[in-house]
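Just follow the structure's listing: the first ligand is 1, and inside any ligand the first atom is 1. Atom set for the values below is all heavy atoms of this structure, side chains included, hydrogens, waters and symmetry mates excluded.
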Amino acid sequence: MRLDKYIATHSEATRSLAKMAIKSGRVEVNGEMTKDQGKKIKPTDVVTINGAELEESSEVYLVMYKKDGVICATQDEEQDTVLDFLDGYTHKELHIAGRLDKDTTGLVLITSDGQWSHRVTSPKHVCEKVYLLETVIPIEESYVEAFANGVRLRDEPKATKPCKLEILGPKKARLTLTEGKYHQVKRMFGAMGNRVTKLHRESVGGILLQGMRSGDFRELSAEEVARF
Ligand code: URA
């Protein structure tokens, strides 16, 4: 990982503060001062700012392949929540960064870091979310342009942001959104007079499930954490 990104990931500093610290000669890598912001840092390298070593973050960052029927809530008396499946992770601040419906499967990010989850979900940050879906009636070519122009959903003051629809089969498509309104995919197809029967999230911000199976979870790499 680049030095400036490494500092931003392993400390409270923002990327620009990290750059300033490097420029002003306050950063050492393995005991040697460097002003190279893009210097590649390996996991074994020791990075210090003002002589203080940066430590591994104590925050938790996980990706889960959510099963059908599990709810995205931190706790529930009756139903299984995604957090119930995180054996060994009892961090009290764990929460979900971008929920999925109970009947939607796929990628869910879970973290203890509130600032990070805010960056994942805030409308101010563009973060692509990719969905695979199936519908009850055929998907028409006209949806592609309608979705690219934005669709007006009931009770929403503004149209949805432009998004990309790839038709994969008569009733199958991939949709890439850059926002996350409530039930957005289902409501967009509803606005076209169609209905989503199956929904799966493939990726968020370029993070993928990478061979994971339904119900699996894994820790994000430092590089994946630093993407947001
Ligand atoms: N859009 C939906 O309609 N449901 C989800 O679970 C995610 C996006």
So is Y182 touching ligand 1 or not, going by heavy atoms under 4.0 Å?
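No; Y182 lies far enough from ligand 1 that no heavy-atom distance drops under 4.0 Å.
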
Can you check which of H183, K129, K66, R99 brings a heavy atom nearest to atom 3 (O) of ligand 1?
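When every heavy atom of H183, K129, K66, R99 is considered, H183 comes closest to atom 3 (O) of ligand 1.
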
Answer with side chain, backbone, both or neither: which part of V185 has a heavy atom less than 4.0 angstrom from an atom of ligand 1?
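Both backbone and side chain of V185 come within 4.0 Å of ligand 1.
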
Proximal atoms of ligand 1 relative to [X] (non-hydrogen, under 4.0 Å):
| X | result |
| --- | --- |
| Q184 | 1 (N), 2 (C), 3 (O) |
| L100 | 6 (O), 7 (C) |
| L199 | 1 (N), 2 (C), 3 (O), 4 (N), 5 (C) |
| T104 | 4 (N), 5 (C), 6 (O) |
| Y131 | 7 (C), 8 (C) |

So which of K186, K198, K67 actually passes salt bridge (charged side-chain N to carboxylate O under 4.0 Å, His left out) with D103?
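For D103, the salt bridge (charged side-chain N to carboxylate O under 4.0 Å, His left out) test succeeds with only one of K186, K198, K67, which is K186.
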
Hey, is ligand 1 close enough to K186 that some N/O pair sits below 3.5 Å?
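Yes, there is a polar N/O contact under 3.5 Å.
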
D45 and K39 ion-paired at < 4.0 Å:
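Salt bridge absent between D45 and K39.
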
Report yes or no: does [X] contribute a side-chain atom to a donor-acceptor pair with the main-chain N or O of [Y] at less than 3.5 Å?
| X | Y | result |
| --- | --- | --- |
| T111 | V60 | yes |
| R201 | L107 | yes |
| S117 | G114 | yes |
| K66 | K102 | yes |

Look at atom 4 (N) of ligand 1 and say which protein heavy atom is nearest, naming residue and atom and giving the distance to 0.1 Å.
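Of the protein heavy atoms, D101 OD2, 2.7 Å lies nearest.
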
side-chain contact (heavy atoms from CB on, under 4.5 Å), paired with V63, selected from V108, D216, L209
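Of V108, D216, L209, side-chain contact (heavy atoms from CB on, under 4.5 Å) with V63 is met by L209 alone.
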
